[in-house]
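Note that the structure is predicted; figures quoted are calculated from it, not measured. Numbers here simply count residues along the sequence, with the first being 1.
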Amino acid sequence: MDLSLLLQVRGAIPTTPWELVLTSSRETQFVLAVLVIFSVVSWYLIVLKWWQFRRMRQLGDRFMAEVEKAPRLEDAYHAAMRLPPSPYNRLLREAVHFFTELKPGALKGGHAAAPGATAGAGAAPTVLTTTQLEALRMVLAKEIAAERDLAARFIPWLATFGSVSPLLGLLGTVLGVMDAFIGIAVGGSGNIAAVAPGVAEALVTTVAGLAVAVPAVMSYNLYVNRLGLFAGELEGFGQEIVGTLAREGRI
C-alpha cells in the first residue's frame with residue numbers, strides 16, 4: 001500500500017499542493033525533481049540571454065554613435081577599435097583587414113582616387129575588381145553568420161525545455177494515475193475520497209511541466225525575434241561598409 005493511501009486511512013488527506021508533493025510516489029517526485037532542474041536552468045538562460053541582448057544593444061548604440069561622427073572609413077575603424085568589443089566593431093575590423101589584404105596600404109594613404117582620374121594616372125590601384133568585391137561580400141556574410149550563431153547560443157535549449165517539460169509532466173501524471181489505481185485496487189476502496197487525492201497527486205507534475213514550459217516558450221519566441229532583428233542590423237551594417245567603400249571610390 002502506498003504512502004498516500006496510508007495517509008487516507010489514517011485521516012491525513014493532503015489538502016495543499018506541497019502536501020501532495022511530500023506524499024507523492026517516488027516516480028512522481030523524480031519527475032518533479034527533473035522539472036525543478038529544468039526550471040532553474042531555463043530561468044538562468046532566460047536571464048543570461050536578456051543580459052546579453054541588452055549588452056549588445058548598448059554596445060551597438062555606442063558604436064553607431066562613434067562611427068557616424070567619422071568622415072571616412074579609416075577614421076571609423078580607428079574610432080571603433082577604441083570601443084569595447086562588440087559584433088559591430090568585429091565586423092568592421094574583418095572588413096577592413098580583408099580590404100587591406102587585397103589592397104595593401106590602400107587605407108593608410110587616407111585619400112581615394114579622384115573621380116575624374118584614370119587608371120593610367122595611377123588612380124585605380126585601390127579599386128577592387130568584381131571578383132574581389134564578391135569575396136569581400138562573402139567575408140562579411142561569413143562574419144555576420146558567425147556573430148548570429150554566437151548570439152543564438154543556448155536559445156535552442158529554451159525551445160527544448162518548452163517542448164519536453166509538458167511531456168515529462170504528462171509522463172508523471174500517467175505514472176501517478178497508475179499508482180493511484182493500483183493503491184485503490186489494493187485497498188479495495190473506489191469512492192471519491194479514495195480516488196481524488198491520488199488523481200490530484202498525479203496532476204501536480206502536469207502543472208509543474210506547464211510552469212516550466214510557458215516562460216521557456218515565451219522567452220524563446222522573444223529571443224528568436226530579437227536575434228532576427230540583430231542579424232538584420234548586422235547585414236545592414238555590412239552593406240553600409242560596402243556602400244562607404246563605393247562612395248570613397250575604392251570599389
Side-chain angles (χ1 to χ4, degrees), residues 45 48-156 222-251:
L45 295 180
L48 175 65
K49 299 310 295 185
W50 172 83
W51 180 85
Q52 288 180 348
F53 278 111
R54 180 173 179 269
R55 178 65 174 169
M56 285 192 301
R57 181 72 275 159
Q58 292 175 341
L59 293 175
D61 291 341
R62 183 179 176 185
F63 174 86
M64 291 301 178
E66 291 294 330
V67 167
E68 289 176 356
K69 299 176 184 178
R72 303 186 60 80
L73 182 63
E74 52 266 38
D75 298 326
Y77 171 77
H78 293 304
M81 292 305 103
R82 292 193 293 267
L83 298 175
S86 72
Y88 300 92
N89 56 15
R90 286 194 292 267
L91 180 62
L92 178 59
R93 180 183 61 192
E94 189 69 20
V96 171
H97 286 184
F98 186 75
F99 180 81
T100 54
E101 288 177 359
L102 293 176
K103 300 293 181 180
L107 292 179
K108 294 181 180 179
H111 299 285
T118 62
T126 61
V127 177
L128 297 181
T129 65
T130 303
T131 303
Q132 291 173 332
L133 177 58
E134 185 63 24
L136 175 61
R137 292 183 184 275
M138 292 176 62
V139 168
L140 291 176
K142 174 180 175 295
E143 184 65 22
I144 291 171
E147 293 294 341
R148 182 178 62 245
D149 292 342
L150 183 62
R153 189 181 182 188
F154 300 130
I155 290 180
L222 174 64
Y223 293 146
V224 166
N225 180 61
R226 288 190 178 183
L227 182 63
L229 295 176
F230 167 72
E233 289 181 357
L234 278 183
E235 291 176 359
F237 181 61
Q239 294 298 325
E240 186 177 350
I241 292 175
V242 176
T244 301
L245 289 173
R247 187 184 70 245
E248 297 179 359
R250 302 183 190 275
I251 58 175

Could you state the interatomic distance from CG (Leu91) to CD (Glu240), rounded to the nearest 0.5 Å? 10.5 Å

If a pair satisfies salt bridge (charged side-chain N to carboxylate O under 4.0 Å, His left out) and one of its residues is in residues 75-100, list it, with sequence neighbours excluded. Arg90-Glu147

Please check: side-chain N/O of Glu248 versus main-chain N/O of Leu73, any donor-acceptor pairing under 3.5 Å? yes

Check whether any side-chain heavy atom of Tyr88 sits under 4.5 Å from a side-chain heavy atom of Leu59, and report yes or no. no

Step by step, would you call Arg226 with Gln52 a side chain to side chain donor-acceptor pair (under 3.5 Å)? CA-CA 11 Å; Arg226 288 190 178 183; Gln52 288 180 348; over 6 Å; no

Could you pull out all residues at least two apart from Glu134 that satisfy side chain to side chain donor-acceptor pair (under 3.5 Å)? none

Who passes ring pair (Phe, Tyr, Trp, His ring centres under 6.0 Å) against Phe98, sequence neighbours left out? none

Heavy-atom closest contact (Lys49 atom, Ile155 atom, distance): CE-CG1, 3.9 Å

Ignoring hydrogens and angles, tell me if any N or O in the side chain of Asn89 forms a donor-acceptor pair with the backbone of Pro84 under 3.5 Å. yes

Please enumerate all residues that pass side chain to side chain donor-acceptor pair (under 3.5 Å) together with His97, with sequence neighbours excluded. Tyr77

How far apart are the C-alpha atoms of Phe237 and Ile144, what are their side-chain angles, what is the distance that settles it, and do they pass the side chain to side chain contact (heavy atoms under 4.5 Å, CB included) test? CA-CA 10 Å; Phe237 181 61; Ile144 291 171; over 6 Å; no

Hey, can you tell me if Phe53 and Tyr223 have their rings parallel, tilted or perpendicular (30° and 60° cut-offs)? parallel

Sequence neighbours excluded, which residues qualify as side-chain contact (heavy atoms from CB on, under 4.5 Å) partners of Thr129? Thr131, Gln132

Donor-acceptor pair, side chain of Lys69 and main chain of Ala76, under 3.5 angstrom: no

Going by heavy atoms in the side chains, are Ile241 and Phe99 under 4.5 Å from each other? no

List the atom of Ala95, the atom of Leu140, and the distance in Å for their closest heavy-atom pair. CB-CD2, 3.5 Å

Counting only heavy atoms not in Met138, do more than 12 fall under 6.0 Å of its CE? no

Suppose we screen for side-chain contact (heavy atoms from CB on, under 4.5 Å). Which residues come up paired with Ala151, at least two apart in sequence or across chains? Met56, Leu227, Phe230

Inter- and intrachain pairs under side chain to side chain donor-acceptor pair (under 3.5 Å), touching residues 55-68, at least two apart: Arg57-Asp61, Arg57-Glu233

With sequence neighbours left out, the residues meeting side chain to side chain donor-acceptor pair (under 3.5 Å) with Thr244 are none

